[in-house]
Amino acid sequence: MKPKANPPLHEQELLERAHQLAGLSLGDIANDAEIAVPTSLRKEKGWIGLLLEHVLGATAGTQAKPDFDELGIELKTIPIDFTGKPLETTFVSVAPLMGLVGATWQTSHVCHKLARVLWVPIVSEKHLAIKDRIVATPFIWSPSEEQASLLANDWQELTDMIVLGEVEKISGKYGQVLQLRPKAANSQAKTKAFDKDGNLFMTLPRGFYLKTQFTHELIKQHLRTN
DNA sequence: CATTGATCATGG
DNA sequence: CCATGATCAATG
């Protein structure tokens, strides 16, 4: 495998680098980086994201930082169909179930992660082999006031329920644009939380995810302003 | 067929 | 276990 690309020095450089990938297949990109392309993502669900991090020169690695730390930009690949509709929700971050006293939307991981995002949409219809999936047009996004408001409302609703000890009452149905769902190695994984009576108990770890309707809007918004 | 719940790999 | 990267797959 070729070494990871040098980190881009400016946002514009990152965006230009990303734009050069538009129209290329994952096979082309991986071959150039001398990385083997898996036949299935079943055992390597994060492969596409890691490939793009590698070729774009992301710096954070496994750290809890933005992918391009110096630029304060988070990288998100997103699978879409040929019309631009997202095929999956987008994982944002693990949800803290403890230590939420005094937590606000402004201080939340979700708010920080979504402050500035380089979206790399990839035409990733299931019938396409991994190597034949095509990078569409990447774009950099920050939430509009309206989008931030929607996100903040959902975050507050879900966080309130966690604080009230109702985490196990939460299903993916809650939230207009942001949902809370399991995020774990398997259904046996456990983390600490409080129940309704304020007692500690072990529950499935959860994560915040952006619903596809929301990310679809981002993509359409970008197409309009392009 | 959209959605929710379950799952896979890796590093610290 | 938690945080990184997400998609798989059962269900309604």
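Values in this document were obtained by computation on a predicted structure and should not be read as measured data.
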Completion exercise
In whole angstroms, the gap separating P of B/dC1 from NE2 of A/H127 amounts to 13 Å
Practice task
Could you tell me whether A/E125 and A/R133 have a side-chain N and a carboxylate O separated by less than 4.0 Å?
Solution key: no
Problem - Rounded interatomic separation in angstrom, taking CG from A/L180 and P from B/dT3 - result: 17 Å
Exercise for the section: Record whether the side chain of A/K45 comes under 3.5 Å of the base of B/dT7 through a donor-acceptor pair of N or O atoms. Expected result: yes
Fill in the blank from the handout: Of the candidates C/dA6, B/dA9, B/dT7, the side chain of A/Y209 sits closest to C/dA6
Fill in the blank from the handout: Whole-Å distance, A/L50 CG to C/dT4 C1', equals 8 Å
Practice task
Identify, with sequence neighbours excluded, every residue that meets ring-ring contact (aromatic ring centres under 6.0 Å, His included) alongside A/F91.
Solution key: A/Y209
Practice task
Could you tell me whether the side chain of A/V167 reaches within less than 4.5 Å of the side chain of A/F194, counting heavy atoms only?
Solution key: no
Practice task
Could you tell me whether a side-chain N or O of A/D197 sits under 3.5 Å from a main-chain N or O of A/N199, the two making a donor and an acceptor?
Solution key: no
Handout entry: Nearest-neighbour nucleotide for the A/K211 side chain, B/dT4, C/dG5, B/dT7 considered
Key = B/dT4
Practice task
Give the nucleotide from the list C/dC1, C/dT7, C/dT4 with an atom nearest to the side chain of A/A64.
Solution key: C/dT4
Handout entry: Close residues, residues 80-110 of chain A, relative to DNA chain C [heavy-atom separation under 4.0 Å]
Key = A/E88, A/T89, A/F91, A/V94
Exercise for the section: With the side chain counted from C-beta on, respond yes when A/Q221 and A/W141 share a heavy-atom pair under 4.5 Å apart, and no when they do not. Expected result: yes
Completion exercise
When rounded to whole Å, the CG to C1' distance for the pair A/L26 and C/dA6 reads 14 Å
Exercise for the section: Tell me which nucleotide among C/dT7, B/dG5, B/dT3 gets nearest to the side chain of A/P182. Expected result: B/dG5
Practice task
Can you figure out which of C/dC1, B/dA6, C/dA6 approaches the side chain of A/L204 most closely?
Solution key: B/dA6
Handout entry: Minimum-distance nucleotide (side-chain atoms of A/K113 versus C/dC1, B/dG5, C/dG5)
Key = C/dG5
Handout entry: Integer-rounded Å distance: C/dT7 P and A/Q179 CD
Key = 14 Å
Exercise for the section: For A/R181, answer base if it contacts any base atom (sugar-phosphate contacts may also be present), sugar-phosphate if it contacts only those atoms, and nothing otherwise; contact means non-hydrogen atoms under 4.0 Å. Expected result: base
Practice task
Nearest whole angstrom, please: distance from the C1' of C/dA6 to the CD1 of A/I48.
Solution key: 9 Å
Practice task
Classify the nucleic acid contact of A/Q188 as base, sugar-phosphate or nothing, counting any heavy atom under 4.0 Å across all strands shown.
Solution key: nothing
Practice task
Please answer: with hydrophobic residues joined when any side-chain heavy atoms are less than 4.5 Å apart, are A/F208 and A/M161 in the same cluster?
Solution key: yes
Handout entry: Nucleotide nearest A/T77 when distance is taken to its side chain, options B/dA9, C/dA6, C/dC1
Key = C/dA6
Problem - Residue whose nearest DNA chain C nucleotide is more 5′ - A/Q63 or A/I78 - result: A/Q63
Practice task
Describe the nucleic acid contact of A/G46 in one word from base, sugar-phosphate, nothing, applying a heavy-atom distance below 4.0 Å.
Solution key: base
Practice task
Report the distance from atom CG of A/L178 to atom C1' of B/dT4, rounded to the nearest whole Å.
Solution key: 15 Å
Fill in the blank from the handout: Rounding to 0.5 Å, atoms CG (A/L178) and OG1 (A/T89) come to a distance of 10.5 Å
Handout entry: Donor-acceptor pair, side chain of A/D67 and main chain of A/E74, under 3.5 angstrom
Key = no
Exercise for the section: Quickly work out the A/D67 CG to C/dA6 C1' distance and round it to whole Å. Expected result: 13 Å
Completion exercise
Of A/K183 and A/Q213, the one whose nearest nucleotide on DNA chain B sits closer to the 5' end is A/Q213
